[in-house]
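Order of the sequence lines fixes the chain letters, A, B, ..., with proteins taken first and strands second; residue numbering starts at 1 for each chain. We use all heavy atoms of the structure for the numbers below, so side chains are in, but hydrogens, waters and symmetry mates are not.
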Amino acid sequence: MPDSDCALSPLAPAFYAQPTLDLARALLGKTLVRRTAEGVTAGIIVETEAYVAAIDPAAHAYRGQTPRNRSMFGPPGHAYVYRIYGMHVCLNVVTEPAGQAAAVLIRAVEPTCGRELMRARRGAGVPDRDLCRGPGRLCQAFAITLALDGASLHGPELWVAETLGGAPPAAAASPRIGISHAADWPWRFYVPGNRYVSGRPWK
DNA sequence: GCTACGATGACCT
DNA sequence: GGTCATCGTAGCA
């Protein structure tokens, strides 16, 4: 698919006004698009996780605002990007009105455009399946850095679009991955059976 | 200051 | 299946 077909229009701001759990489901099947000077990369979102600080001990902002989680308190439709384990970064979509800290972590996408650009960033031998399977890998493939923390998700560098010819996919829920608090809450959403989902797709 | 520990991934067996 | 790299945050003294 040529890059021109990947530059889909950003979703309307109203899309991000949904409650966080609804938005985490609604993001499945949408296309994440990233444009840099190198070119365009895009992929279909197949796995998300919801974090709502007001009630969620696993959320970064559960204990209040800090310099790191500041953008989680901002208006919806923006990015919250943070560093984890000292070496990876993760991308979240900020949800809920400003002042309420909540976000949806994008855990995996199915690459649709710019695979060779992704491979240049991720490593020459990396198979398509592993380009964006996992939050850290996805950010590396899309060149998402801390510089994008707080950036608008309405372009021109990063946005979410309707998927061309895409019927809404099936959605399944499961506990979230890699957390120790509220570990049994079914706030992870994924497309069942999709090869590009991280972790154990059936769990 | 000091320390413990991650919303992970790569690589090994 | 397991180990470990690697360092910014946050919490506490």
Side-chain angles (χ1 to χ4, degrees), chain A residues 20-21 23-25 27-28 32 41 43 45-74 76 78-96 100-111 115 118-151 153 158 160 171-191 195-203:
Chain A
T20 301
L21 289 177
L23 190 61
R25 281 181 183 274
L27 281 166
L28 295 178
L32 180 70
T41 51
I45 297 169
V46 296
E47 184 181 358
T48 63
E49 285 180 359
Y51 291 87
V52 180
I55 58 171
D56 180 4
H60 286 162
Y62 182 61
R63 289 176 181 79
Q65 186 171 338
T66 69
R68 175 174 72 148
N69 63 32
R70 182 175 50 92
S71 23
M72 240 181 130
F73 290 79
H78 289 246
Y80 166 42
V81 183
Y82 65 89
R83 180 185 302 281
I84 187 65
Y85 294 121
M87 57 190 119
H88 306 295
V89 298
C90 297
L91 169 68
N92 293 247
V93 174
V94 174
T95 66
E96 307 293 343
Q100 300 180 40
V104 174
L105 171 68
I106 310 297
R107 287 194 55 91
V109 310
E110 175 177 343
R115 287 189 193 79
M118 294 180 190
R119 220 180 309 277
R121 293 164 174 160
R122 291 268 299 116
V126 175
D128 281 7
R129 184 172 184 238
D130 292 338
L131 285 175
C132 306
R133 186 161 57 91
R137 293 164 164 174
L138 152 64
C139 286
Q140 190 181 13
F142 276 66
I144 291 167
T145 68
L146 294 177
L148 283 171
D149 183 38
L153 288 178
L158 180 67
V160 181
S174 82
R176 294 171 291 184
I177 292 178
I179 60 172
S180 50
H181 297 287
D184 56 338
W185 297 13
W187 283 14
R188 170 179 176 250
F189 302 95
Y190 61 98
V191 179
R195 284 171 41 79
Y196 297 88
V197 172
S198 76
R200 300 180 186 80
W202 55 89
K203 189 175 175 185

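- If A/D130 and A/N92 are placed on DNA chain B by their nearest nucleotide, the residue sitting closer to the 5' end is A/N92.
- Separating the CD1 atom of A/I177 from the P atom of B/dG6 is a distance of 16 Å, rounded to the nearest angstrom.
- In this structure, A/Y80 places its OH atom 9 Å from P of B/dA7, rounding to the nearest Å.
- Looking only at atom types and distance, the side chain of A/Q140 has no donor-acceptor partner in the side chain of A/R121 under 3.5 Å away.
- Contact annotation for A/L105: base contact, defined as any heavy-atom pair under 4.0 Å involving a base atom.
- Checking C/dT6 for Watson-Crick or G-U wobble geometry (two distances, each under 3.5 Å) identifies no partner in any strand.
- Shown here, B/dA7 forms no base pair; nothing in the strands shown gives a Watson-Crick or G-U wobble contact with both key distances under 3.5 Å.
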Practice problem: List the protein contact pattern of nucleotides 2-13 of chain C with one symbol per nucleotide (5' to 3'): B for base contact, S for sugar-phosphate-only contact, - for none; contact means a heavy-atom distance under 4.0 Å. | Solution: ---BBBSSSS--
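- Rounded to an integer number of Å, the gap from A/R133 CZ to B/dA7 C1' is 17 Å.
- A/Y80 and A/H60 share a side-chain donor-acceptor pair at under 3.5 Å.
- When rounded to the nearest whole Å, the span between CG of A/L138 and P of B/dT8 equals 13 Å.
- Listed nucleotides B/dA7, B/dA10, B/dG6 differ in distance to A/S180; the shortest reach to its side chain belongs to B/dG6.
- In this model, the phosphate group of B/dA7 is not approached by any side-chain N or O of A/R188 to a distance below 4.0 Å at OP1 or OP2.
- For the side-chain contact (heavy atoms from CB on, under 4.5 Å) criterion with A/I45, the lone passing option out of A/V109, A/V93, A/L138, A/V104 is A/V109.
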